[in-house]
Amino acid sequence: GDIEKQELIAGEIRSCVSIADAKRIWQRLAALQIRRSETEDRLHTLIQLLEEQQDLPKVFELRYARFSAWASAMKQRLLHKQRALLDDVLQRLSGPLRDELAARENERAWLVQQGRELSKTCGNAEVRQQIAEQVTDVERIWSNLMATWTDEYQRLEKLPTDLEGLNSNLASLTVWLGQVEATVH
């Protein structure tokens with residue numbers, strides 16, 4: 001719902017303002033997104049400090065659930081980029097989104113390390129098995145997320161990054177189509 005709303009708003013903005021204004025708006029939105037991520041990271045750290053005073057299997061379960069929810073939302077953010085101009089999208093992918101992934105690398109490492117230890121030491125065999133499966137899931141989720149980021153960045157890098165380049169390509173295509181039509185007739 002949130003992504004669809006943003007895309008709708010983006011379309012309305014683009015239809016009402018010049019490209020330069022739209023670009024400034026997207027840059028401000030990107031700056032706000034960075035601030036939001038930083039605030040979420042600080043809250044996340046405080047929550048972790050509080051949780052570490054509880055028993056470890058419960059802490060692991062809470063952090064695993066949060067990591068899974070974040071990874072799912074991040075994948076959607078990586079894949080839904082119609083709401084910005086292409087060069088801005090590349091900047092977001094290589095900037096704030098990459099920074100957010102890097103910041104969460106520590107959480108992935110904690111879940112894997114603590115999960116492996118718990119799956120060896122926990123007294124309950126069923127809980128040990130569940131934690132081992134969750135560790136495997138964290139590694140799969142992370143691998144998938146990094147592959148998505150890489151694929152999207154490489155795919156977008158190959159596209160023309162400005163409207164002039166796109167217009168030039170379209171003009172060349174129009175000329176070529178004209179030549180093909182003349183040859184066919």
Side-chain angles (χ1 to χ4, degrees), residues 1-10 26 29-84 86 88-159:
D2 188 38
I3 289 167
E4 288 80 14
K5 260 192 259 174
Q6 286 183 10
E7 287 173 3
L8 187 65
I9 291 167
W26 290 122
L29 285 173
L32 286 172
Q33 184 119 23
I34 291 167
R35 283 200 194 107
R36 188 183 102 187
S37 291
E38 287 171 350
T39 304
E40 284 175 355
D41 286 344
R42 288 170 72 185
L43 281 171
H44 187 68
T45 302
L46 289 171
I47 289 167
Q48 284 177 353
L49 290 171
L50 287 171
E51 284 174 347
E52 282 165 9
Q53 295 170 18
Q54 301 177 32
D55 82 302
L56 206 49
K58 190 185 282 185
V59 172
F60 180 86
E61 188 60 40
L62 289 168
R63 285 174 71 165
Y64 167 76
R66 235 187 354 260
F67 177 83
S68 297
W70 166 81
S72 177
M74 173 56 101
K75 185 161 186 178
Q76 292 307 308
R77 287 165 58 205
L78 289 172
L79 293 172
H80 288 81
K81 296 167 300 303
Q82 299 87 341
R83 59 182 182 260
L86 185 58
D88 292 336
V89 172
L90 276 168
Q91 283 178 8
R92 281 191 63 223
L93 274 171
S94 62
L97 292 176
R98 181 70 190 110
D99 292 346
E100 190 174 336
L101 283 167
R104 292 295 168 127
E105 170 69 26
N106 290 339
E107 183 66 0
R108 182 208 62 83
W110 185 91
L111 284 166
V112 170
Q113 179 192 352
Q114 288 298 324
R116 284 183 180 151
E117 287 176 23
L118 280 171
S119 66
K120 291 175 189 166
T121 59
C122 188
N124 183 326
E126 195 176 306
V127 173
R128 272 201 317 266
Q129 177 63 31
Q130 180 185 349
I131 289 172
E133 288 169 7
Q134 289 172 328
V135 168
T136 302
D137 195 38
V138 165
E139 290 175 317
R140 181 194 56 76
I141 288 170
W142 188 258
S143 174
N144 187 314
L145 207 50
M146 295 311 291
T148 300
W149 180 87
T150 303
D151 292 347
E152 286 302 295
Y153 188 77
Q154 289 172 349
R155 185 178 70 79
L156 289 171
E157 249 186 343
K158 293 174 187 165
L159 296 175

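Along the sequence shown, residues are numbered consecutively beginning with 1. The figures here come from the full heavy-atom set of this structure, side chains too, leaving out hydrogens, waters and symmetry mates.
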Once you round to the nearest 0.5 Å, how far does [atom1] of [X] lie from [atom2] of [Y]?
X	Y	atom1	atom2	value
Leu101	Glu105	CG	CD	9.5 Å
Glu107	Trp70	CD	CH2	9.5 Å
Asp151	Met146	CG	CE	11.0 Å
Asn144	Glu139	CG	CD	13.5 Å

Walk me through it: do Phe67 and Asp137 pass the test side-chain contact (heavy atoms from CB on, under 4.5 Å)?
CA-CA 11 Å; Phe67 177 83; Asp137 195 38; over 6 Å; no

Taking only residues two or more places apart in sequence, or in another chain, which ones meet Asp99 in a salt bridge (Lys or Arg N to Asp or Glu O under 4.0 Å)?
none

Write out all pairs satisfying side chain to side chain donor-acceptor pair (under 3.5 Å) with one or both partners inside residues 119-129, taking only residues at least two apart or from two chains.
Gln129-Glu133

Taking all non-hydrogen atoms of both residues into account, name the closest pair between Tyr64 and Leu111 and its distance.
N-CD2, 3.7 Å

Looking at Ile141 and Ala71, what are the two nearest heavy atoms and their distance?
CG2-CB, 3.3 Å

Scan for ring pair (Phe, Tyr, Trp, His ring centres under 6.0 Å) pairs involving residues 129-148, sequence neighbours excluded, and state none if there are none.
none

Pair Glu61-Lys58, salt bridge (Lys or Arg N to Asp or Glu O under 4.0 Å): steps then yes or no:
CA-CA 5 Å; Glu61 188 60 40; Lys58 190 185 282 185; over 6 Å; no

Might you work through the side-chain contact (heavy atoms from CB on, under 4.5 Å) test for Leu145 and Leu78, ending with a clear yes or no?
CA-CA 9 Å; Leu145 207 50; Leu78 289 172; 4.1 Å; yes

